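Data first, discussion second: the structure below is written as structure tokens.
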Amino acid sequence: MISSVNEHRYNANGGNMDLLSGLNDKQRQAAEHDKGPILVIAGAGTGKTRVLTHRIANIIKTGKAKPWEILAITFTNKAANEMKERIGQLIDFSIDKMWIGTFHAICVRILRRDIDRIGYDKNFVIYDTDDQKTLIKDCIKEMNLDTKTYNANVIRSIISNEKNNRNMPDKFIAENFGNFNLRNTGEVYSLYEKKLKIANALDFDDLIVKALKLLEMNEDVLESYRERFKYVLVDEYQDTNSVQYNLVKILSKKTTGESNIFVVGDEDQSIYGWRGADINNILDFEKDFEGAKIVKLEKNYRSTNIILNAANGVIKNNCQRKGKNLYTDFEDGNLINLIETDNEKEEAFMISALMRKEHNKNSINYSDMAILYRTNAQSRALEEGLIREGIPYKIVGGLKFYGRKEIKDIMSYLMLIQNQKDDISYNRIINVPRRKIGKKTVDTIYEHARRSEVPMFEASYDVLELGLTPAATKSVQDFVAMIEMLMIKKDVMSLSEFIQAVYEDTGYRKMLLTDTTVEGRSRIENMEEFLSAAKDFEERYEENSLEDFLSHTSLLADVDKTDDTEKDCVTLLTIHSAKGLEYDTVFVTGLEEGMFPMIRKDDEEEDSEEERRLFYVAVTRAKRMLYITYSNERMVFGHHESRHKSRFLDEIPSECFEESTPQSIAEKKMKSFEMNNLFSENKSYSNREVKSGHSFIEAKNKNLFKGAISFSDNTNYDSEKRVDSPKLKSDKLAAGDKVMHKAWGIGTIVQLSGEGEGQKAVIAFENKGIKNVMLSYAPIEKV
DNA sequence: CGATACGTCCTTTTT
DNA sequence: GGACGTATCG
């Protein structure tokens with residue numbers, strides 16, 4: 001077929017036209033491939049999802065398989081949801097019966113059905129990274145090992161590695177018998193496994209490992225899936241680890257040897273090596289699946305020529321690749337703007353100023369801009385800059401919603417009610433809210449449980465024999481009775497009613513209500529959000545038991561939660577989270593040796609190829625405009641460290657960069673001079689009272705950003721800003737706007753709600769705190 | 001028993 | 001700069 005200018009556009013009424021007519025030659029080859037294994041190498045922005053969705057739609061439309069005979073595996077829920085949605089637009093069939101989901105979600109599904117075959121109860125719970133860490137700490141303590149030598153985080157990653165290589169504790173111990181510390185680490189691993197089993201809990205890695213084990217050990221279960229899934233599709237194949245690879249293989253390869261497996265990936269975007277992803281899975285696909293067809297997608301529909309040249313220039317320095325070169329029909333576009341700054345504050349300030357410029361001069365929506373960084377820790381300085389400039393933003397990652405204390409607490413109640421063997425949850429909530437069950441009491445129960453090798457909840461039934469004070473005994477009995485009552489309620493109430501009951505019966509709600517601090521209020525809000533998420537889940541899904549809800553929420557990542565319906569604000573995220581996304585304007589930050597590429601002291605071996613791929617991913621997120629920043633100095637662990645420009649910058653062809661004119665440098669110096677003045681005047685700001693580690697995104701909600709407001713008061717700054725960004729004629733207000741109130745003075749809009757006459761705003765005033773106002777009545781003017 | 005005060009460690013990246 | 005754990009006090 002002949003390429004047309006619009007070939008990358010979506011076919012709006014695809015239902016009626018030839019499904020594949022909108023694809024280019026290569027995409028089409030991949031989408032209509034019939035039987036046998038096929039590998040699609042899809043460079044960034046080459047229409048990978050498009051091929052996947054059209055292929056699935058085509059299979060169904062041509063009658064090659066029924067919806068329920070298709071298995072499509074992704075890495076994120078976001079990718080899975082997007083795929084479902086887009087397939088839904090292409091076909092009339094219901095997609096509900098299709099198995100489209102993440103590796104983890106698919107495995108949970110498989111396990112819920114038959115996990116009893118490998119000795120677990122079907123009501124198993126899923127432990128997240130925090131739970132894992134807690135459990136490992138318990139193990140270390142119980143074994144009387146030194147907590148400094150045996151770091152829970154380090155051991156967690158060792159265990160994860162071992163699991164992903166399918167090494168059991170015994171093997172690890174045997175292999176490291178000569179090394180005292182590693183041998184002990186192996187013993188911790190062993191105890192950890194034992195405790196998981198007693199708790200009837202699985203960690204993230206287990207989900208895949210145990211699913212594979214279940215299939216390997218139960219021929220009939222395996223065969224039923226093999227027969228069912230006529231077509232297996234895997235997205236982001238370059239990120240599969242060995243267990244995932246084996247799972248895919250065992251599910252897709254029939255006993256006859258034939259395999260209708262379709263994998264899409266890009267070795268240049270393999271950035272999860274640290275999580276066990278094996279780039280060789282994609283490099284060796286042809287060997288693993290004989291007679292595999294290979295299709296390479298190199299035509300990019302996302303970025304300008306200059307951005308692609310930069311990306312190609314960088315990635316060609318890697319050896320571990322099959323080699324490809326992205327190209328486009330698009331014009332050259334803007335040159336890349338490379339920005340050098342003196343420190344991370346100036347970096348944040350420059351970015352903020354440039355974002356404002358893009359927004360005001362080029363009419364770019366804030367939601368079409370993103371700031372990418374290597375580590376989450378970098379977000380703090382960037383947030384400060386954005387708050388000062390009053391640019392609305394949202395952060396992806398960092399402190400996750402489901403990682404917040406109150407959410408984890410309520411989840412723990414739910415998990416314990418579902419599975420009374422879950423000791424981690426038991427310990428978490430036994431005395432939250434306070435019920436006079438102190439450390440000593442808990443320790444006594446713990447010891448008793450450990451001696452009889454039963455879960456703590458079960459051990460609590462023996463409370464009378466433990467020689468506790470009458471008061472403590474009573475408290476424990478009350479606790480047990482309360483959980484038992486809730487177990488009954490679970491079976492007679494709807495999910496949302498039940499969770500509400502848990503919230504109230506446990507006294508958790510009462511506890512939150514007595515906390516009148518800003519933090520406490522934010523807890524209540526989070527809780528309400530959680531309750532409405534449960535309600536939403538209940539209404540949306542037919543399978544909406546507590547068990548389903550827990551599986552669902554345990555596997556939710558933060559990236560998945562970002563709904564695109566949010567207001568117009570810029571996005572801050574790590575490059576890892578940004579994979580698969582695209583933005584008109586992208587700022588890639590912190591291009592400094594040691595930071596990016598990241599180099600750690602005491603490193604085993606640095607994988608600079610993976611770092612380079614990461615940079616490649618970052619660059620290829622940009623559609624129109626790319627900014628890259630680096631700083632000569634950066635605060636690390638509270639200390640100033642001087643930095644050097646990253647080697648990666650030399651790999652971008654120099655003609656891709658904008659010349660730094662003397663004028664622009666002068667302008668920059670001017671700005672940084674002003675900024676330093678302002679920063680030094682705002683000491684109160686840097687000493688702000690953000691108590692828990694909820695970062696700025698919360699500080700923002702809590703309106704603690706007094707600095708932002710006094711900043712806007714600064715006349716120097718204001719006059720400068722006005723020159724740079726003419727005031728908008730429209731009286732439309734947006735979050736982040738600064739307003740002048742007749743009585744209360746200057747404030748910043750934190751949140752808008754409602755429409756037209758009834759529109760309300762939450763405004764943070766400099767001296768008057770937070771106010772809720774009705775916009776149609778309030779004497780307010782935009783500043 | 002619980003609240004507060006310091007010391008220690010820390011940071012990749014995420015399902 | 002901050003989270004988390006242990007020490008110390010009320």
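A quick note: this is a predicted structure, and the numbers were derived from the prediction, not measured. Throughout, protein chains are lettered first and strands after them, A, B, ... in sequence-line order, and every chain is numbered starting at 1.
- In the set dC1(B), dT14(B), dT12(B), dC1(B) carries the atom at the smallest distance from any side-chain atom of T441(A).
- N241(A) has no side-chain polar atom (N or O) that falls below the 4.0 Å cut-off from OP1 or OP2 of dT15(B).
- In terms of position along DNA chain B, the nucleotide closest to N153(A) lies nearer the 5' end than the nucleotide closest to the other residue of the pair R156(A) and N153(A).
- Both geometric conditions, a ring-centre gap below 5.5 Å and a plane tilt below 30°, are fulfilled for F637(A) over the base of dC10(B).
- Looking at T129(A), its side chain comes within 3.5 Å of the base of dT15(B) through a donor and an acceptor atom.
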Checking I73(A) against W99(A) for the side-chain contact (heavy atoms from CB on, under 4.5 Å) test, could you report, in this order, the C-alpha distance in whole Å, the side-chain angles of both residues, the deciding distance, and whether it holds?
CA-CA 8 Å; I73(A) 309 177; W99(A) 280 41; over 6 Å; no

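- Between R275(A) and D239(A) no salt bridge is recorded (no basic side-chain N to carboxylate O distance below 4.0 Å).
- Contact annotation: R275(A) side-chain N/O to dT13(B) OP1/OP2 distance is not under 4.0 Å.
- Taking the nucleotide of DNA chain B with the nearest heavy atom to each of N431(A) and I271(A), the more 5' of the two is matched to N431(A).
- Here N376(A) does not reach the OP1 or OP2 of dT12(B): none of its side-chain N or O atoms lies under 4.0 Å away.
- Per the geometry, CD1 belonging to I599(A) stands 14 Å off P belonging to dT12(B), to the nearest Å.
- Here the nucleotide nearest the side chain of N151(A), chosen from dC9(B), dT12(B), dC4(C), is dC9(B).
- Here the side chain of M598(A) is nearest to one of dC1(B), dT12(B), dT15(B), namely dT12(B).
- Annotation: dT12(B) and dG5(C) have their C1' atoms spaced 23 Å apart (nearest Å).
- The side chain of K137(A) contributes an N or O atom lying less than 4.0 Å from OP1 or OP2 of dG5(C).
- For dT14(B), one of the phosphate oxygens OP1 or OP2 lies less than 4.0 angstrom from a side-chain nitrogen or oxygen of S577(A).
- Counting only distance, with no hydrogens or angles, the side chain of Q269(A) and the backbone of D266(A) share no donor-acceptor pair below 3.5 Å.
- For the pair L581(A) CG and dT14(B) C1', the interatomic distance rounds to 14 Å; values are reported in whole Å.
- In this structure, H576(A) has its ring center under 6.0 Å from that of Y272(A).
- Closest approach to the R380(A) side chain among dT13(B), dG2(C), dA3(B) is made by dG2(C) (side chain taken as heavy atoms from C-beta onward).
- Distances from the side chain of T574(A) to the nucleotides dC4(C), dT14(B), dC10(B) place dT14(B) closest.
- By the 5.5 angstrom centroid cut-off and the 30-degree plane limit, W274(A) is classified as stacked against the base of dT13(B).
- What separates CD1 of I395(A) from C1' of dT13(B) is a distance of 16 Å, to the nearest Å.
- Aromatic pair Y237(A)/F103(A): centroids not less than 6.0 angstrom apart.
- Comparing dT11(B), dT15(B), dG2(B) by their nearest atom to the side chain of R434(A) picks out dG2(B).
- For the OP1/OP2 pair of dT13(B) and a distance below 4.0 Å, the side-chain nitrogens and oxygens of R613(A) include no atom meeting the criterion.
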